[in-house]
Asker: 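After the structure tokens below, expect a handful of questions from me.
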Amino acid sequence: MVSIKDVAQKANVSTATVSRVISKPEAVKEETSKKVLKAIQELNYQPNVLARQLRRLETKTILVIVPDITNTFFSKVLRGIESVAVSNGYKVILGDAGNDVEREEEYLNVLRQKQADGIVMLTARMETGVIEKFSVDYPLVLACEYIEGSTIPTVSIDNVSSARKATEYLIALGHEKIGTITGPLNVVLGKDRLKGYTQAMARHNLSVEPFLVQEGTFTFDSGYNMMMKFLALSNPPTAVFAANDEMAFGAVKAVKSRGLRVPEDVSVIGFDDIEFSAIFEPPLTTISQPTFEIGTKAMELLLKLMNEDEITRNQYILEDSLIERDSCTRNNA
Ligand code: RIB
């Protein structure tokens, strides 16, 4: 049977655009409309009218799924989402996937059961096919995490260049033996932040020995454990890039537990700039993500999808910045 995806592919537009041409043609440019109608005719596409009407029943509620509610990074993103949602008459409900892909997928039923009109996912760990198919039928925006090559509207920073920037900061301080505590390497953010680290090391002709890369889970405990591994080496790294602040805190605790000092003995840079980073001891040098703006932009895009308005861009990459505090210093070795 011909699907909306086939029409979108043939007309070279997104499925959301096809949907708009059918239900709200006045919101689409004439030229785009013509392309889509031609594809519909050629493929003899028959939209499911009943399903469309069912989807139009409004709850004025949206669902946000976070990968891990214990990471305070997500609270400011939620603030951003909520501020736009509330001023547009929407309530926000929250789902915590607890880093569990099955739970993440189960939350999609909230929309299938018509308990929410749209969804912002701050995690994208389920099978690409499942999430892509879901986005054809329901308004969905990804934020923070993303799927490479997807047309699902997405808001994030450029994690590769941000991680490169963090690593190059350590290199500029004269460090050569730099370790990294990565995020989970089956998650796009884990992979991309490792890529940024590797690129920076390669650009400066610094070798990445396998023992310099330790895989964490984006949690405090994993930061602690992986730093303990570094400290057990006969010649440990003089600086460490932790792929998020939670892990950086764990890493600092490990250094202190061995009677060593941050940054005098080991420099540590984090990623996220969560609120606690500024009051931690030592205050953490880190990459700051525009969390509130990520949330507001994601919600604005979701509103457009729910109203079947035209979305001119699918990918929004927002600017990060490096916040210099006291957890890194020059390498004098
Ligand atoms: O879920 C872990 C990470 O994803 C957070 O620390 C933050 O960086 C987010 O993008």
Side-chain angles (χ1 to χ4, degrees), residues 64-81 94-101 103-104 107 120-126 131 141-148 152 154-167 180-197 214-224 226 240-252 268-278 280 284-298 315-323 327:
V64 181
I65 307 180
V66 295
D68 178 5
I69 193 71
T70 66
N71 186 344
T72 59
F73 168 83
F74 296 105
S75 53
K76 265 218 193 142
V77 183
L78 276 163
R79 273 271 164 85
I81 294 174
L94 178 69
D96 173 25
N99 290 320
D100 178 342
V101 182
R103 251 164 80 182
E104 187 177 308
Y107 273 117
V120 179
M121 296 188 61
L122 307 183
T123 172
R125 302 178 189 184
M126 66 183 97
I131 196 163
V141 173
L142 295 176
C144 303
E145 287 189 23
Y146 37 86
I147 298 173
E148 246 143 1
I152 298 174
T154 302
V155 188
S156 71
I157 57 162
D158 178 346
N159 283 277
V160 178
S161 78
S162 313
R164 204 167 53 223
K165 189 191 294 179
T167 312
T180 183
I181 303 175
T182 73
L185 294 176
N186 59 346
V187 172
V188 70
L189 299 180
K191 277 188 253 185
D192 277 0
R193 292 175 194 172
L194 173 59
K195 199 190 268 180
Y197 158 86
Q214 296 294 340
E215 184 175 354
T217 57
F218 280 141
T219 60
F220 177 91
D221 285 352
S222 69
Y224 178 89
M226 297 309 128
V240 169
F241 162 50
N244 80 349
D245 287 354
E246 296 266 343
M247 295 195 296
F249 298 153
V252 172
V268 176
I269 188 165
F271 198 108
D272 281 348
D273 193 27
I274 59 177
E275 217 139 289
F276 200 56
S277 304
F280 188 69
L284 195 67
T285 295
T286 187
I287 294 289
S288 175
Q289 297 207 47
T291 36
F292 189 81
E293 290 73 22
I294 291 176
T296 55
K297 188 77 224 169
Q315 280 259 323
Y316 285 83
I317 307 282
L318 306 190
E319 288 275 312
D320 65 282
S321 56
L322 194 147
I323 307 289
S327 61

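Source: prediction; values computed, not measured. Atoms within each ligand, like the ligands themselves, are counted from 1 in listed order.
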Asker: Should V77 and V66 count as side-chain neighbours, where that means a heavy-atom distance under 4.5 Å?
Answerer: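 Counting from C-beta outward, V77 and V66 never come under 4.5 Å.
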Asker: Considering only protein heavy atoms, which is closest to atom 8 (O) of ligand 1, and at what distance to one decimal place?
Answerer: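 Checking every protein heavy atom, the shortest distance to atom 8 (O) of ligand 1 gives D272 OD1, 2.5 Å.
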Asker: Can you report which non-hydrogen protein atom sits closest to atom 9 (C) of ligand 1, along with the distance?
Answerer: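 Protein heavy atom with the smallest distance to atom 9 (C) of ligand 1: F73 CE2, 3.5 Å.
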Asker: By number and element, which atoms of ligand 1 are closer than 4.0 Å to a non-hydrogen atom of N244?
Answerer: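 Taking each heavy atom of N244 in turn, ligand 1 has 6 (O) under 4.0 Å.
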Asker: Do the side chains of I294 and C144 get nearer than 4.5 Å, heavy atoms only?
Answerer: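 In contact.
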Asker: List the residues meeting side chain to side chain donor-acceptor pair (under 3.5 Å) with D96, not counting sequence neighbours, and say none if there are none.
Answerer: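 Side chain to side chain donor-acceptor pair (under 3.5 Å) list for D96, sorted by chain: empty.
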Asker: Can you say whether the rings of F271 and F241 are parallel (under 30°), tilted (30 to 60°) or perpendicular (over 60°)?
Answerer: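 Rings of F271 and F241: tilted, 30 to 60°.
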Asker: Heavy-atom contact check, 4.0 Å cutoff: does Q289 meet ligand 1?
Answerer: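 Within the 4.0 Å threshold, so yes.
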Asker: Where on N71 is there a heavy atom closer than 4.0 Å to ligand 1, on the side chain, on the backbone, on both, or on neither?
Answerer: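 Side chain only; the backbone of N71 stays clear of ligand 1.
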Asker: Any idea which protein heavy atom is nearest atom 4 (O) of ligand 1, and the distance to it?
Answerer: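 Sorting protein heavy atoms by distance from atom 4 (O) of ligand 1 puts L189 CD1, 3.2 Å first.
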Asker: How far is atom 1 (O) of ligand 1 from its nearest protein heavy atom, and which residue and atom is that?
Answerer: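 The protein heavy atom lying closest is F74 CZ, 3.4 Å.
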Asker: Can you check whether A124's main-chain N or O pairs, donor with acceptor, with E145's side chain at less than 3.5 Å?
Answerer: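 Yes.
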Asker: Tell me which protein heavy atom sits closest to atom 2 (C) of ligand 1, plus the residue, atom name and distance to 0.1 Å.
Answerer: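 Protein heavy atom with the smallest distance to atom 2 (C) of ligand 1: F218 CD1, 3.3 Å.
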Asker: Is the contact between M247 and ligand 1 made by the side chain, the backbone, both, or neither, using heavy atoms and a 4.0 Å cut-off?
Answerer: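 No part of M247 is near ligand 1 at this cut-off.
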Asker: Do M121 and M126 have side chains that get closer than 4.5 Å, going by heavy atoms?
Answerer: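 Sidechains of M126 and M121: in contact.
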Asker: Numbering the atoms of ligand 1 from 1, which are under 4.0 Å from a heavy atom of R193?
Answerer: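 Within the 4.0 Å cut-off of R193, ligand 1 contributes 8 (O), 10 (O).
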Asker: Any non-hydrogen side-chain atom of E246 less than 4.5 Å from a side-chain atom of T70?
Answerer: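 SC-SC contact between E246 and T70 ruled out.
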